[in-house]
Each structure stands twice: as C-alpha cells, then as structure tokens.
Amino acid sequence: MKILVLGGSSEAGVLARALSLRADLAAILSLAGRTASPAALPLPTRIGGFGGVAGLIGYLKAEGVDAVIDATHPFAAQMKRHAAQACAATRTPLCAFTRAPWIAGEGDDWIEVDDAPSAARALGETPRHVFLAIGRQQAGVFAGPSPHRFVLRAIDAPSPDALPASLDLVLARGPFTLDDEIALMREKNIDIVVSKNAGGEATRAKIDAARELRLPVVMIRRPPAPARPTFETLEGVVAWIEAHRPAP
Ligand code: NAP
C-alpha cells in the first residue's frame with residue numbers, strides 16, 4: 001500500500017517514525033520546503049509544492065498513491081484544500097492527523113481573532129513590546145509604520161523586505177520550555193504575545209508563560225479545514241490505514 005504523508009508538523013514526525021517500521025507499507029513524506037534544514041525523518045522524502053491541485057492529481061496518479069494522510073500544520077489551509085480536492089478528483093482515500101486547538105483556561109487573557117491582519121489591528125495604537133510568536137511567513141502582515149516594537153522568533157531568517165520597522169529577530173528552533181519562554185519574555189520586556197492557535201504540546205510553553213506573567217495573548221483562530229476523517233492519535237490513523245488497504 002502506497003501512502004503519501006503531507007508533512008510539516010510534529011504529527012507528521014510521529015507518523016513517519018511509525019510507518020518507517022512497517023515493511024508492508026510504502027510511505028512517502030512530502031514537505032513544502034519552507035525550512036532550510038528540516039528535521040530528518042526516516043521516510044523517503046520529496047520536497048517542494050506539487051503545482052496546485054492539478055499537479056497533485058498528476059502526482060497521485062503517476063506514483064500510484066493508494067491513500068493520503070494530511071499531517072500538515074493546522075494553519076496550512078491551502079495544502080489541506082488542495083489535498084481534499086485532488087483526492088476527491090482521483091477517489092483517493094484521505095484522512096487528517098492533527099491536534100486539538102488550545103482552549104483558554106483560568107488565568108488566560110486571550111483576545112481571539114480570525115487572522116493575522118486582525119491580530120495586527122488588535123494590538124491597537126498604544127506602543128507595546130510585542131512577542132510575535134507566529135513564525136516568519138506572516139510577519140510581513142506586521143510590516144509598515146507601527147507604534148510597536150516587535151520580537152520575532154523564527155527558525156530561518158525572514159526576507160528583510162517585509163518586516164516590521166522596529167524588530168528584534170530571535171533565530172531559534174523549538175521546543176522551548178516554560179522557563180525558556182519566561183526568560184525570553186522578561187529579557188525582552190514583552191507586554192503582549194501574538195500566537196496562532198496551533199494546539200499541541202510542542203509550542204504551548206509560550207502560552208503558559210504568558211499566563212504566568214499575566215500577559216495578554218492575541219490568539220489567531222485556526223482557518224477552516226475541509227471535511228475528512230480526522231484523528232488526534234496515531235492509533236486512529238493506523239486503524240484508518242488498515243481499513244483502506246486496496247483489495248489484493
Ligand atoms: P499552505 O499555505 O497551506 O500551502 C501553500 C503551498 O505550499 C501549497 O499549495 C503547496 O504548493 C505547498 N505545500 C504546503 N505543504 C506542502 C507539503 N507538505 N508538501 C508539498 N507541498 C506543500 O502552507 P503554509 O502555511 O505555507 O505551510 C507550508 C508548510 O509548512 C506546510 O507543510 C505546513 O505543514 C508547514 N507549517 C506551516 C505552519 C503555518 O503556520 N502555516 C507552521 C508550521 C509548519 P503547491 O500548490 O505547489 O502544491
């Protein structure tokens with residue numbers, strides 16, 4: 001059974017390690033290629049876009065893919081849409097492996113917004129020290145004249161043409177501990193955090209740190225995802241694979 005895993009998330013890593021131990025499955029991991037040196041995973045890996053829905057349809061047919069598992073990050077909305085459309089067009093079974101979003105608890109002070117431009121507006125006009133914990137891809141939304149000072153943390157350096165005027169760039173790859181995050185926020189005098197509601201454990205320390213330091217968080221809600229079977233556990237995905245084995 002040939003399986004295409006759309007990656008770029010910690011779930012994709014968990015799945016890749018599990019599938020690499022299965023001699024009865026031929027799995028290929030696909031990465032967009034955004035990160036210069038992605039974490040090594042034990043599956044044959046292809047890197048780069050497919051060329052839209054048509055490109056993905058061509059790939060599924062050419063490679064004889066039997067099933068697709070969408071393990072992209074919760075904010076990779078376009079890839080999710082393309083996968084749903086290409087799988088529908090080729091009648092390829094598709095499921096998703098993801099994590100639940102974070103939910104505000106006692107002591108959290110969240111301003112929930114729908115997208116990055118709304119997050120930029122939610123910062124208001126009073127000058128603030130903003131921890132932009134959203135990666136580099138949407139940092140450009142915060143570019144241009146602004147009363148705020150930004151601390152942007154990213155794995156790779158962003159292109160310099162679309163960055164906030166007042167910027168402190170921190171290049172680092174997670175996971176970060178609660179102590180790491182508290183130390184960074186204190187060192188940089190942060191008074192508000194901007195985060196995507198990624199969910200999961202790997203990146204939640206910044207949210208816990210904000211609560212601990214009583215800082216508000218502008219929390220960007222997830223974009224909508226297409227309807228398809230969705231699992232939050234490896235066991236769920238493995239059972240789905242078994243149920244979708246092609247007839248011999
Ligand atoms: P996106 O907006 O949903 O996708 C943009 C285009 O990138 C897609 O149309 C596709 O190009 C290509 N692409 C995306 N994921 C791919 C994959 N796994 N394999 C091959 N091509 C892929 O995605 P994004 O938000 O730019 O994120 C890019 C990657 O980074 C995703 O794989 C995602 O899992 C990961 N990531 C994203 C975030 C985030 O916050 N957005 C955070 C952490 C990791 P074609 O149309 O040419 O096929």
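Nothing here was measured: the structure is a model prediction, and the numbers come from that model. Remember, it's 1-based here, ligands and their atoms both numbered in the order they're listed.
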> Note the single closest protein heavy atom to atom 20 (C) of ligand 1, along with its residue, its atom name and the distance in Å.
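Closest protein heavy atom to atom 20 (C) of ligand 1: Ser30 OG, 3.1 Å.
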> For atom 11 (O) of ligand 1, what is the nearest protein heavy atom, given as residue, atom name and distance?
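Residue, atom and distance for the closest contact: Gly49 CA, 3.6 Å.
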> Based purely on interatomic distance, does Lys80 place a nitrogen or oxygen under 3.5 Å from a nitrogen or oxygen of ligand 1?
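By distance alone, the answer is no.
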> Is there a donor-acceptor contact under 3.5 Å linking the side chains of Lys80 and Thr72?
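There is such a pair (donor and acceptor under 3.5 Å, judged by atom type) between the side chains of Lys80 and Thr72.
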> Between the candidates Met79, Glu11, Arg34, which shows the shortest non-hydrogen contact distance to atom 5 (C) of ligand 1?
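Shortest heavy-atom distance from atom 5 (C) of ligand 1: Arg34.
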> Atom 8 (C) of ligand 1: which protein heavy atom is closest, and how many Å away?
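Nearest protein contact, heavy atoms only, for atom 8 (C) of ligand 1 is Gln78 NE2, 3.9 Å.
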> Below 30° counts as parallel, above 60° as perpendicular, anything between as tilted: where do the rings of His148 and Phe150 land?
perpendicular
> Taking only residues two or more places apart in sequence or in another chain, which ones pass side chain to side chain contact (heavy atoms under 4.5 Å, CB included) with Asn197?
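Asn197 satisfies side chain to side chain contact (heavy atoms under 4.5 Å, CB included) with Pro101, Trp102, Trp110, Met219 only.
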> Can you tell me if Gly7 contacts ligand 1 (heavy atom of the residue under 4.0 Å from the ligand)?
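Under 4.0 Å: yes for Gly7.
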> Using a strict threshold of under 4.0 Å (side-chain N to carboxylate O), is an ion pair present between Lys2 and Asp66?
no
> If we only consider heavy atoms of Arg46, is any one of them less than 4.0 Å away from an atom in ligand 1?
yes
> Pull out every atom of ligand 1 sitting under 4.0 Å from any heavy atom of Gly52, numbered as shown with elements.
45 (P), 46 (O), 47 (O), 48 (O)
> Would you say Leu31 contacts ligand 1, with heavy atoms under 4.0 Å as the rule?
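Under 4.0 Å: yes for Leu31.
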> Which atoms from ligand 1 have a heavy atom of His82 less than 4.0 Å away?
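By the 4.0 Å cutoff, the relevant atoms are 9 (O), 46 (O).
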> Look only at interatomic distance and state if Phe50 has a nitrogen or oxygen under 3.5 Å from any nitrogen or oxygen of ligand 1.
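N/O-N/O distance below 3.5 Å exists for this pair.
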> Could you go through Glu232 and Arg99, starting from their C-alpha distance and side-chain angles, then the distance that decides it, and tell me whether this counts as side-chain contact (heavy atoms from CB on, under 4.5 Å)?
CA-CA 5 Å; Glu232 291 177 9; Arg99 55 318 261 265; 5.6 Å; no
> Name the closest protein heavy atom to atom 24 (P) of ligand 1, giving the residue it belongs to and the distance to 0.1 Å.
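The closest one turns out to be Gln137 OE1, 4.0 Å.
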> Closest non-hydrogen protein atom to atom 44 (C) of ligand 1, residue and atom name please, with distance?
Gly8 O, 3.1 Å
> What protein heavy atom sits nearest atom 34 (O) of ligand 1, and how far away is it?
His73 N, 2.8 Å
> Using a 6.0 Å cut-off, check whether atom CD of Glu125 has over 12 heavy atoms from anything other than its own residue.
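At most 12 heavy atoms, drawn from other residues, nucleotides or ligands, come within 6.0 Å of this atom.
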> Is there a polar contact, in the sense of an N or O pair closer than 3.5 Å, between Ala76 and ligand 1?
yes
> Quick check: Phe50 with Tyr59 (ring centres under 6.0 Å apart)?
yes
> Could I get the full list of side chain to side chain contact (heavy atoms under 4.5 Å, CB included) partners for Asp180, not counting sequence neighbours?
Phe176, Thr177
> Report, in ascending order of atom number, the atoms of ligand 1 lying under 4.0 Å from any heavy atom of Phe75.
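Numbered from 1, ligand 1 contributes 25 (O), 39 (C), 40 (O), 41 (N).
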> So does Asp191 pair up with Arg149, basic N to acidic O under 4.0 Å?
no
> Got a donor-acceptor contact below 3.5 angstrom from the Thr230 side chain to the Arg228 backbone?
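The answer is yes, because a donor-acceptor pair under 3.5 Å joins these two groups.
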> I need the nearest protein heavy-atom contact for atom 40 (O) of ligand 1: residue, atom name and distance, please.
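Its nearest protein heavy-atom neighbour is Lys196 NZ, 2.6 Å.
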> I'd like to know whether CD1 of Ile103 has more than 12 heavy-atom contacts from other residues, nucleotides or ligands below 6.0 angstrom.
no
> Considering only heavy atoms, which of Ala12, Ala32, Ala77 lies nearest to atom 14 (C) of ligand 1?
Ala32
> Does the residue Gly135 have a heavy-atom contact with ligand 1, meaning some pair of atoms that are separated by less than 4.0 Å?
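Not so, Gly135 does not reach ligand 1.
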> Note the single closest protein heavy atom to atom 47 (O) of ligand 1, along with its residue, its atom name and the distance in Å.
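Going atom by atom, the protein heavy atom closest to atom 47 (O) of ligand 1 ends up being Gly51 N, 2.9 Å.
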> Could you check whether any side-chain heavy atom of Pro175 comes within less than 4.5 Å of a side-chain heavy atom of Thr203, counting everything from C-beta outward?
no
